[in-house]
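Input: a single structure, listed below in structure tokens.
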Amino acid sequence: MSILWAPWRMSYIRSHSQQPIVGCIFCDKPAGAHDRDELILLRGRHNYLMMNLYPYNNGHLLVAPFAHRPSVEDLPVETLTEMMVMTNQGLAALRQALKPHGFNLGVNLGAVAGAGVAEHVHMHIVPRWGADTNYMTVTGRTRVIPEALETTYERLLAVLDPMAPPDPRR
């Protein structure tokens, strides 16, 4: 029998099984003063780019508007435009830092469509590699994330904002 050691998953299991979900993560995370702790890579006027704390793949990013809205139809054109520009910035950073072979981009609208946080729309950017579907995924129904979130964060941040002055939130 093979054993996959993933002790960091216990915090996710405990947080979802013992505590009711209060508030909105997409509203709460950017309200704080520590972008690095919240895995926020970039802030715009209407949206922000962050790493997914429980990624589907290494480098899984999220673009979320600051406005708490359930669907893209509820967002003004300026927010939608910036969301796509920020998606492009995330794609470019991932291409340079992680060199994926492709991407999945998506927005899940509503719980039945797979939205984990249905009340706050957000875009997923999932990097993909030619060999990332392997026996672990197919037979074990388990994804393996090969790099620590903090390491990936630093790699992406260096590519996204190499010339910017230090941000006190980081």
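Keep in mind that what you see is a predicted model, and the values were worked out from it rather than measured. Numbering starts at 1 and runs along the sequence shown. Hydrogens, waters and symmetry mates are skipped; everything else that's a heavy atom, side chains included, is used.
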For H68 and H120, take the angle between the two ring planes, folded into 0 to 90°, and tell me which bin it lands in: parallel under 30, tilted 30 to 60, perpendicular over 60.
perpendicular
Would a distance-only check, ignoring hydrogens and angles, find a side-chain to backbone donor-acceptor pair under 3.5 Å from [X] to [Y]?
X	Y	answer
R43	P30	yes
E38	K29	no
Y153	I40	yes
D35	L41	no

ILVMFWY cluster, V85 and Y48 together (side-chain gap under 4.5 Å)
no
Which atom names give the shortest non-hydrogen contact between [X] and [Y], and what distance separates them?
X	Y	answer
F103	I125	CD2-CG2, 4.1 Å
C24	V117	SG-CG1, 4.4 Å
P127	N58	CG-O, 3.1 Å
P65	M83	CD-CE, 3.5 Å
A64	H122	CB-CB, 4.1 Å
Y56	V126	CD2-CG1, 3.7 Å

Between T79 and R69, does the side-chain contact (heavy atoms from CB on, under 4.5 Å) criterion hold? Intermediate values first, please.
CA-CA 11 Å; T79 303; R69 302 288 184 271; over 6 Å; no
Side chain proximity check, [X] to [Y], heavy atoms < 4.5 angstrom:
X	Y	value
V159	R155	no
N57	N104	no
L91	L105	yes
M123	N47	no

Could you tell me the separation between the [atom1] atom of [X] and the [atom2] atom of [Y], rounded to the nearest 0.5 Å?
X	Y	atom1	atom2	result
F26	E119	CZ	CD	9.5 Å
H46	T81	NE2	OG1	9.0 Å
E150	M51	CD	CE	8.0 Å
L42	L156	CG	CG	11.0 Å
R128	L94	CZ	CG	13.5 Å
L157	L49	CG	CG	10.5 Å

Applying salt bridge (Lys or Arg N to Asp or Glu O under 4.0 Å) to E78 and R45, what does each step give before you reach the verdict?
CA-CA 9 Å; E78 298 81 14; R45 283 189 63 210; over 6 Å; no
